[in-house]
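A short write-up of the structure that comes next.
To find a chain, count down the sequence lines: A is the first, B the second, and so on, and within it residues start at 1.
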There are 2 protein chains.
Amino acid sequence: MSNSGDGLEQEPDDLPSARPRKRATGRATIADVARLAAVSPMTVSRTLKDPTLVTQELRDRVMAAVAELGYVPNLAAQTLASARSNIIGVIVPSISNSVFVETLAGIRDCVSVAGYQVIIGETLYSADQERQLLSTHLGRAIDGVLVTGIDLHKDVREGFARRNTPLVHMMDLSPDPDALSVGFSQFAAGEAVGRYIVERGYKRPALLAAQLDPRTMKRREGFQHALEEAGQSSFVEILTPNPSSVGLGGQLLSRLLGAHPDCDVVFCGNDDIALGALFECQRRGIPVPGKLAIMGFNDLPFAQYAVPSITSVTTPRYEIGFQAAHMLLRQIDGIAPERNCIDLGFHLTCRESA
Amino acid sequence: MSNSGDGLEQEPDDLPSARPRKRATGRATIADVARLAAVSPMTVSRTLKDPTLVTQELRDRVMAAVAELGYVPNLAAQTLASARSNIIGVIVPSISNSVFVETLAGIRDCVSVAGYQVIIGETLYSADQERQLLSTHLGRAIDGVLVTGIDLHKDVREGFARRNTPLVHMMDLSPDPDALSVGFSQFAAGEAVGRYIVERGYKRPALLAAQLDPRTMKRREGFQHALEEAGQSSFVEILTPNPSSVGLGGQLLSRLLGAHPDCDVVFCGNDDIALGALFECQRRGIPVPGKLAIMGFNDLPFAQYAVPSITSVTTPRYEIGFQAAHMLLRQIDGIAPERNCIDLGFHLTCRESA
DNA sequence: CCTCACGATGATAGCGCTATCATCGGTGGA
DNA sequence: TCCACCGATGATAGCGCTATCATCGTGAGG
């Protein structure tokens, strides 16, 4: 027979004319382990999944064989056979936005102990992109999804529901009682800033915001609402859909000062904008907060170290990621959550800049 | 014939007592599409993979059926059957380090057009973690890996080579002629900073560095080498393995000033440290660069906006990601690269702080 | 002693897809 | 006219794993 040496199998020495094994990857399979340990493949599978199902003796033999062969389970095969991928998808607007970094850390810390892997998808703040990502995720047969924000097209949500793929929203609280969400009220956070500004006696507030995602806009609404409630109905605002950055913060502040040089406080949509605004003030010699107060949002790590330190709204980003992931995993395991909506709150951290 | 109904090959609705179909996911499969389009599953597969293999007529029927059923291919099955996962793994020390954000963007932009997905693994600067991640990746049958840094245990590299899984190193240039790498010389970059300091006539330089990964240490060596070459053999350094951050930059600077208040320039291992150092100087009223000059590394977006703007080494992070991914994809397709090592260089961007 | 429940293990049959080869009408050169 | 040849399509057989059921002692209960 001409087909010798094709399958590189040394042990199985009977049947010299063994079938040619059409396609083999060359890596050790569960069958190889089983053969070496002289047990059935099922016993190997059980040993690896739940050792208590197997007697000590067989377990030891299997583990030895696994070690000897350097066996690594083929996850695609596991997924196909068990209809569980042990992958969860995470949709964030942008990983370059430091805000999500801690959320991702929380997610990772929660799911990694449970043996799950994470696939991150970036929407770059585009709803279309988000749609497409979620569709790809369905192809991967992921076990669940964490989505930033609560503004998901209803049909997409229903698509997941129909397929029984759990989905948890992060960062904001969903008004839909059926939706699972972990976060804090973006509206209330904006409101808190507005109230603070009123309390402190600032008279001519301004709002600078970039990357106008739904959460930013909700904070804006809350901000507006608080001012109106205090009878201070008007405020200046400069908005741009561009992605936020320190540089952009400087530009926005310049535009603001050009149009309204008499502002006495700016609420910046996030800390990057706030830092950029602060730098611009320094460059122009404008005293902060003496002449112009600055407030940020999220309380990124640098906010407390800036000079002056930046007053900002501290958000539980790590905790949101962790709890959302936790809720998702429980949902995957079919455990209903106690509450569908977990509010982790926020608090305004008062520092030197306002 | 007693064996009817074996392959469930009729309309799904007759035979109320159809066999129970042991485990079904409920989602449309390629067989469903084939049935609806009245073609064989293979034709569906071909239509989706390479439409030119199929006549216009069948193609249309298949596409119509796909649309009607909302068919989404099961990637686990594809992976298992074809031994190709269309996933590449990326190993970075930490996604919270903004340095890697742009590299990831470059990678994503390169691979997404080719239909690949990315799985990100974080080593958190631990070699053990890195090892384990790479092993998991093998389990996923990924098609290739991008690894940050060139300091990979030889046996891990060989493991990949044995399995024919391409691997490309990023951010530094490998001395090993067989290894593929895209980046710049970390040593040379450190050297450039050292030379600049000498040229500018600074006399008492210091080095502040955190998170002492191999690349940081190579920059340090280059820095040292440049100073020695200029006969200025000694410099003060404060090193810590802690993860770098703006806050840490301030702390390190405080420690430096406590021990060596007469330093005239600090080279910070990265821009976060530099920014923290700058803030600390502002807090203490130390003129920068008048009394103390500050240099950073990487030229993160904020560096040019700080006041004073921060002199830093600009590194082609996006381009490194893009090119490394490109090289990896070609390698996956079996195309040998022209050069195994691509040096994308760096340049020192001189600003106000030094 | 025999049944029966039960825990440990094995045998069997897919999961949904694609590699591979077989089949089947044309085509064109000998 | 015949046949090697080719392009389009289908049939078959896995990829490596696990769900499910069968089997086989074993010890409790009758």
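Regarding contacts with the backbone of D:dT9, a side-chain N or O of B:Thr55 is found under 4.0 angstrom from either OP1 or OP2. Note on A:Thr29: every side-chain N or O is 4.0 Å or more away from OP1 and OP2 of D:dC15. One finds no side-chain N or O of B:Ser45 lying less than 4.0 angstrom from the OP1 or OP2 phosphate oxygen of C:dC17.
Listed nucleotides D:dT20, C:dC17, C:dC15 differ in distance to A:Leu80; the shortest reach to its side chain belongs to C:dC15. Taking the side chain of B:Ala81 as heavy atoms from C-beta on, and the options C:dT18, D:dC17, C:dG10, the nearest nucleotide is C:dT18. Checking D:dG16, C:dT18, C:dT9 against the side-chain heavy atoms of B:Gln78 singles out C:dT18 as nearest.
Sequence order on DNA chain D of the closest nucleotides to B:Ala77 and B:Thr43 puts B:Thr43 first from the 5' end. When each of A:Thr52 and A:Pro41 is assigned the nucleotide of DNA chain C with its nearest heavy atom, A:Thr52 is the one assigned upstream, toward the 5' end.
Rounded to whole Å, the distance from CG on B:Asn74 to C1' on D:dC17 is 13 Å. Atom-to-atom, CG of B:Leu53 to P of D:dT9 comes out at 9 Å; the value is rounded to the nearest Å. One can place NZ of B:Lys49 at 19 Å from C1' of D:dA8, the figure rounded to the nearest angstrom. Atom-to-atom, CD of B:Gln56 to C1' of D:dA8 comes out at 14 Å; the value is rounded to the nearest Å. In this entry the distance linking CG of B:Leu58 with C1' of D:dG7 reads 13 Å, nearest Å. Atom CZ in B:Arg27 sits about 10 Å away from atom C1' in C:dG16, given to the nearest Å. Distance B:Met42 CE to D:dA13 C1': 12 Å, rounded to the nearest Å. The CD1 atom of A:Ile30 sits 15 Å away from the C1' atom of C:dA11 (whole-angstrom rounding).
Exactly one of B:Thr79, B:Asn74, B:Leu75 qualifies for a side-chain contact (heavy atoms from CB on, under 4.5 Å) with A:Leu80. That residue is B:Asn74.
For A:Arg46 against C:dG10, a side-chain N or O and a base N or O form a donor-acceptor pair under 3.5 Å.
Side-chain atoms of A:Asn86 never come within 3.5 Å of backbone atoms of A:Tyr116 as a donor-acceptor pair (strictly under, hydrogens ignored).
Residues A:His169 and A:Val182 fail the side-chain proximity criterion, which asks for heavy atoms closer than 4.5 Å. A:Ile150 places none of its side-chain heavy atoms less than 4.5 Å from the side chain of A:Met171.
Counting non-hydrogen atoms under 4.0 angstrom, A:Leu75 reaches nothing in the nucleic acid.
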Task: B:Thr52/B:Asp50 under side-chain hydrogen bond (donor to acceptor under 3.5 Å, both in side chains): CA gap, chis, key distance, verdict - done: CA-CA 6 Å; B:Thr52 66; B:Asp50 183 356; 2.7 Å; yes
